[in-house]
Protein chains: 4
Amino acid sequence: MLAAAEIEFAQRGSETSIADIARRAGVAKGTVFRHFATKEDLITAVVGAHFSRLTVAAQQRWDAQDPGTALWEFLAEAGESLQRQDVAFLQATGESDAAVAAVLVELRAAVEVLVDRARTHEAIRADVTGADVLMMLCAAVHTAGLQPDAPAGLWRRYLVIVIDGLSPAGATPLPELMPR
Amino acid sequence: MLAAAEIEFAQRGSETSIADIARRAGVAKGTVFRHFATKEDLITAVVGAHFSRLTVAAQQRWDAQDPGTALWEFLAEAGESLQRQDVAFLQATGESDAAVAAVLVELRAAVEVLVDRARTHEAIRADVTGADVLMMLCAAVHTAGLQPDAPAGLWRRYLVIVIDGLSPAGATPLPELMPR
Amino acid sequence: MLAAAEIEFAQRGSETSIADIARRAGVAKGTVFRHFATKEDLITAVVGAHFSRLTVAAQQRWDAQDPGTALWEFLAEAGESLQRQDVAFLQATGESDAAVAAVLVELRAAVEVLVDRARTHEAIRADVTGADVLMMLCAAVHTAGLQPDAPAGLWRRYLVIVIDGLSPAGATPLPELMPR
Amino acid sequence: MLAAAEIEFAQRGSETSIADIARRAGVAKGTVFRHFATKEDLITAVVGAHFSRLTVAAQQRWDAQDPGTALWEFLAEAGESLQRQDVAFLQATGESDAAVAAVLVELRAAVEVLVDRARTHEAIRADVTGADVLMMLCAAVHTAGLQPDAPAGLWRRYLVIVIDGLSPAGATPLPELMPR
DNA sequence: AATGAATGAGTGTTCATTCAT
DNA sequence: GATGAATGAACACTCATTCAT
């Protein structure tokens, strides 16, 4: 049922109707509401699971040999995952729902570790945070996803630009505004 | 009324109801439909106007002395404008509405000129198009906008990262995927 | 303006919008309301005029040499006129509107004269009234009009059947129910 | 609910609002749409059921001893049924809705059988079709129904006239226009 | 007198949510 | 626990009617 919801949300964002999700899951509408009292609850569950998976992916790279490579690989893996979802939908949920916000805090923390290590190895510019990096990843993936007839891997192209922007070489000093 | 619609769309995207727009504009629902026969027409008008303004802003910099600076200034000005809107909404409209798509073509062309000149002056990496630049701008602004309680100028921070990514210094070769 | 209304009502019945009538008449909507305070008033005017014309047509045959032929000729002429209108619309108006009802009374009286004379000449069965005859005419014309892809003169075919039914030859006694 | 719809349609034709039907049925508007996804679907169901009943009534008389009487009895029974409906509404639906049109084809065919047998027994004039007979029945019933304050059985009076018109005695040759 | 902008009640339709079975 | 019938609050859109210009 979560799988069905994930697919539907990926395709049509939060405008998907519960009826469609139930149909795809092969259960009755009422059954969905037995498990998730509210549409919001279901969204929360799907989005939270998504972010949790990303958190795990980040944590698995905490001890990698090459912190720079570890970060870029994480971004590639996370991008692959995000690209299958409507990122704006994910993000908006994270901002509006307390439960998901908590999961996001964990994710940001996990990425922060990766970024800290990369910074120590001078693989990333010194003035960005984990939250910055996460946001820039979302930026690349989401923007690519807005073009329905774009080539499938467009997000990688944008991610490269973002990574170049995050690299220490030729970095312009950033305004002092940290994301939350 | 267009102003009211712009504000509502900025806050809630295309899910805003005509009733809410009418209420904000201080008119009756029917009055909105007098001016825009369809919700789509209203969206088209708002979004088209926005993109048209950006097109003008780009064109005004075609003859600038320093093409590199001209491009970055355009991005800053356009970002300021975009930041007041729901960028995903703008983009999605551009993809789904024929009339707006035409305006977008003009905008892309106008930016392309700026990018071409900047490229000639080696102010921007050689392997990006005007459409790429526009998309990266949207990425930065949109992503910053997803955090409602973020500091107001966060998008500038992200734009700097993006611009660094678009700069020739230390550019990693891009995958060969041009956006439409 | 009355002409425009007549055409529109003929095509789409009372569901026609005032806007369409105004457009066809080449005036503004407000102008229509200046002359007819209400949509009902306009309908009344159109329908009343129609029935009045039929009344005149009947009266012109009051003094005809052959009362039988006079009646059938009136029915043919009236049928031609009715066939250009949505008869149900005409009738329904006649029933629901006091002003039109009065015109209908005149029309029925005028036809009654024709029927009385025909009856005296044994050209029509003795047990029908003018109102009966009028209703049967409407029946033939209206029914034919319900078939949009029917041959143009179908109503004449039905009128012949009706006239045969109204003729004295082989008449079955009618139940004692006079129409109003 | 179908009963409520039938009553409302009978009184006000297809202009009846779903809200009114729901109110009469004692259910919420949404419930009506649960059963009939569209107003058209509801109309189709009501009208189709009506015509189907008539078809059955005709078929039950296919083997009657006296084909002439069988036909007139069918007309009386069908008239009784039609008289409770807005006939114009029924007919118009038959013309505009494909599903109902198919049911109408069956009904016409069933009546055609009755008419054929009656013709063989010289109980009806030779130059009318089943469709003609059906239309004349509708004509009689509909026309009577247009007068809200008419005596209840008025349609029988008109049906007698129509039947006399359809009888062989003294029949005037019909114009060569077959209804569809 | 003519206009057309403004209105607001009403229409068909959708959908999250409830609840008896 | 699962179901799906019922609900009612939206929503986009239409149109007769009013009224300032």
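Quick note: numbers below take in every heavy atom, side chains included, and nothing from hydrogens, waters or symmetry partners. A quick note: this is a predicted structure, and the numbers were derived from the prediction, not measured. Every chain is numbered from 1, with letters handed out A, B, ... down the list of sequences.
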Checklist entry - dA20(F) pairs with which nucleotide, Watson-Crick or G-U wobble, both distances below 3.5 Å? => result dT3(E)
Checklist entry - Rounded to whole angstrom units, what separation is found between the CD atom of Glu40(A) and the C1' atom of dT17(E)? => result 14 Å
Item to check | Atom pair distance, as rounded to whole Å: CD1 in Ile18(B) and P in dA12(F) | outcome: 6 Å
Checklist outcome for this item: Separation of dT14(F) atom P from Asp20(C) atom CG, nearest Å, is 12 Å
Checklist entry - In the strands shown, is dT11(E) matched to any nucleotide by a Watson-Crick or G-U wobble pair with both distances under 3.5 Å, and which? => result dA12(F)
Checklist outcome for this item: Tightest non-hydrogen contact, residues Gly48(D) and Val100(D), listed as N-CG2, 4.3 Å
Checklist entry - Taking for each residue the nucleotide of DNA chain E bearing the nearest heavy atom, is the 5' side occupied by Val27(B) or by Lys39(D)? => result Val27(B)
Next on the checklist: Within the 4.0 Å heavy-atom criterion, would you say Thr31(D) contacts the bases, only the backbone, or no part of the nucleic acid?
Outcome noted: base
Checklist entry - Expressed in angstrom and rounded to an integer, what is the separation of Ile21(A) atom CD1 from dT17(E) atom P? => result 11 Å
Checklist entry - If each of Gly30(D) and Gly26(B) is mapped to the nucleotide of DNA chain E with the nearest heavy atom, which maps nearer the 5' terminus, i.e. the 5' end? => result Gly26(B)
Item to check | Rounded distance (Å) that lies between atom C1' of dA9(E) and atom CZ of Phe33(B) | outcome: 14 Å
Checklist entry - His50(C) and Ser81(C): side-chain donor and acceptor closer than 3.5 Å? => result yes
Item to check | Whole-Å gap separating C1' (dT7(F)) and CE (Met1(D)) | outcome: 13 Å
Next on the checklist: Once rounded to the nearest 0.5 Å, what's the spacing between atom CG of Leu42(A) and atom CG of Leu2(A)?
Outcome noted: 6.5 Å
Checklist entry - What is the distance from CZ of Arg23(B) to P of dA6(E), rounded to the nearest Å? => result 18 Å
Checklist entry - Rounded to whole angstroms, how far apart are CD1 on Ile43(B) and P on dA12(F)? => result 9 Å
Item to check | hbond_proxy Arg34(C) side chain to dA1(E) base (donor-acceptor, 3.5 Å cutoff) | outcome: no
Checklist entry - If only side-chain N and O atoms of Ser17(D) are considered, is one of them under 4.0 Å from the OP1 or OP2 phosphate oxygen of dG10(E)? => result no
Checklist entry - Looking only at side-chain N and O atoms, does His35(B) come under 4.0 Å of OP1 or OP2 in dA6(E)? => result yes
Checklist entry - Is there a donor and acceptor pair closer than 3.5 Å between the side chain of Lys29(D) and the base of dT13(E)? => result yes
Checklist outcome for this item: Paired with Asp20(C), the side chain to side chain donor-acceptor pair (under 3.5 Å) test is passed by just one of Lys29(C), Gln11(C), Arg12(C), namely Arg12(C)
Next on the checklist: Using side-chain heavy atoms (C-beta onward) and a distance below 4.5 Å, is Ile21(D) in contact with Phe9(D)?
Outcome noted: yes
